[in-house]
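Note sheet for the following structure.
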Number of protein chains: 2
Amino acid sequence: MTDQTTQDLKGAGLKVTLPRMRVLEVLSKVDDNDRHMSAEDVYRYLMTAGDDISLATIYRVLTQFEAAGLVIKHHFDGGTARYELDTGDNHNHIVCMKTGRVEEFTDKEIEAKIQTIARELGYELTDYKLTLYGVSQEAL
Amino acid sequence: MTDQTTQDLKGAGLKVTLPRMRVLEVLSKVDDNDRHMSAEDVYRYLMTAGDDISLATIYRVLTQFEAAGLVIKHHFDGGTARYELDTGDNHNHIVCMKTGRVEEFTDKEIEAKIQTIARELGYELTDYKLTLYGVSQEAL
DNA sequence: ATGCTTGCAAACGGTTTGCACGTGT
DNA sequence: ACACGTGCAAACCGTTTGCAAGCAT
């Protein structure tokens, strides 16, 4: 009875409830094209899937997940916030201006350089965000 | 009669009006600690300075400036948007989590790497944002 | 049993907009 | 003169919150 989702919730110190499980499941299993969902996205997805969970709850759950470190919140363009599972690997994003699609990438060199820069400027680095904006060749 | 501010506005194809000049002046001359102001910041600054320009106009002017490429808009944390003059040099930011203060830096190496990555992923890069979050030693 | 969770609907805060008036060219 | 810019107040939209009812432990 202790599947991965349940464990994740317990590990985060959160009571295991249906909304929390469903939201976590959605974020876990959407394929790469649909990652980085907004609260609305999650809401609509769940409605379509037959669940009946209020938008307010989605927001509350996502906020808790963020605080618990299960999820990362992004504000790519400025409109609505998007969420993705925190997989541990600190990755960056590239957003297609035409389709809105988000891809991920990592780069050791940049990562190292960022550490160095923070140190040189006299900061203790807690986090960073690198996002590229462009037009994917595929979108033409 | 054609000072820098006026030229900038004309160059951007914008009619020279008092609100536009004042907003541009504020953004031009605030010292480093006060750069990256929110619309409210600009509004309060101008009120204090004796101007009487509505907040709605500040928003409209800032939006036009952004469209005209005079100004860059940031959404650092997610709360309110902040604006800064576009000085041409594509710089990055480091935000102190304790004081909210924003510093700038540039790095040729990272810049080059970013170009490479975009190309490799099949994107035509239009822009990018790199923001570090940390605690400044000075804030302790 | 009891304290955390949820749904609902109302509040919120930053930002945008319709309208009638004012202003730059 | 005429089109564009502005102030005001109301609308907007994503997100948050107070409250009463519902669950997990």
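Here the structure is a predicted model, which means the values were calculated and not measured. Throughout, protein chains are lettered first and strands after them, A, B, ... in sequence-line order, and every chain is numbered starting at 1.
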Inset, instruction - Could you list by number each residue of residues 46-54 of chain B showing a heavy-atom separation from DNA chain D of less than 4.0 Å, or answer none if no residue does? - result: B:Asp52, B:Ile53, B:Ser54
Inset, instruction - Ignoring hydrogens and angles, tell me if any N or O in the side chain of B:Arg82 forms a donor-acceptor pair with the backbone of B:Phe76 under 3.5 Å. - result: no
Legend entry - Nucleotide-level pairing of DNA chain C, given in dot-bracket where Watson-Crick and G-U pairs need both distances under 3.5 Å and | marks other strands: ||||||||||.|||.||||||||||
Inset, instruction - Take atom CD of B:Glu66 and atom C1' of C:dT16, then tell me their distance rounded to the nearest Å. - result: 14 Å
Report all interatomic pairs (protein N or O, nucleotide N or O of nucleotides 15-25 of chain D) with separations under 3.5 Å.
unit_1 : atom_1 : unit_2  : atom_2 : d
D:dT15 : OP1    : A:Ala81 : N      : 3.0
D:dT15 : OP2    : A:Tyr59 : OH     : 2.4
D:dT15 : O5'    : A:Tyr59 : OH     : 3.3
D:dG18 : O6     : A:Arg60 : NH1    : 3.4

Legend entry - pair A:Ile72-A:Glu66: side-chain heavy atoms closer than 4.5 Å: no
Inset, instruction - Of all the heavy-atom pairs spanning A:Ser38 and A:Thr80, show the shortest one and how long it is. - result: CB-OG1, 3.8 Å
Legend entry - Atom CD of A:Glu138 with >12 non-hydrogen neighbours under 6.0 angstrom: no
Legend entry - Donor-acceptor contact below 3.5 Å, side chain A:Thr57 vs main chain A:Ile53: no
Inset, instruction - Count the heavy atoms belonging to other residues, nucleotides or ligands that lie under 6.0 Å from CD of B:Glu124, then report whether that count exceeds 12. - result: no
Inset, instruction - Would you kindly give the CZ-to-C1' distance between B:Arg20 and C:dT23, to the nearest whole Å? - result: 11 Å
Inset, instruction - Check whether any side-chain N or O of A:Thr126 sits under 3.5 Å from a backbone N or O of B:Tyr133 as a donor-acceptor pair, and report yes or no. - result: yes
Inset, instruction - Give the rounded distance in Å between these two atoms: CZ of B:Phe65 and C1' of D:dG5. - result: 12 Å
Inset, instruction - Whole angstrom is fine here: how far is it from CD1 in B:Ile58 over to P in C:dT16? - result: 13 Å
Legend entry - Any A:Val23 side-chain heavy atom under 4.5 Å of A:Leu46 side chain: yes
Inset, instruction - For the pair A:Glu109 and A:Lys113, find out whether any cationic side-chain nitrogen is under 4.0 Å from an anionic carboxylate oxygen. - result: no
Legend entry - Separation between CG of A:Asn90 and OH of A:Tyr128, rounded to the nearest 0.5 Å: 4.5 Å
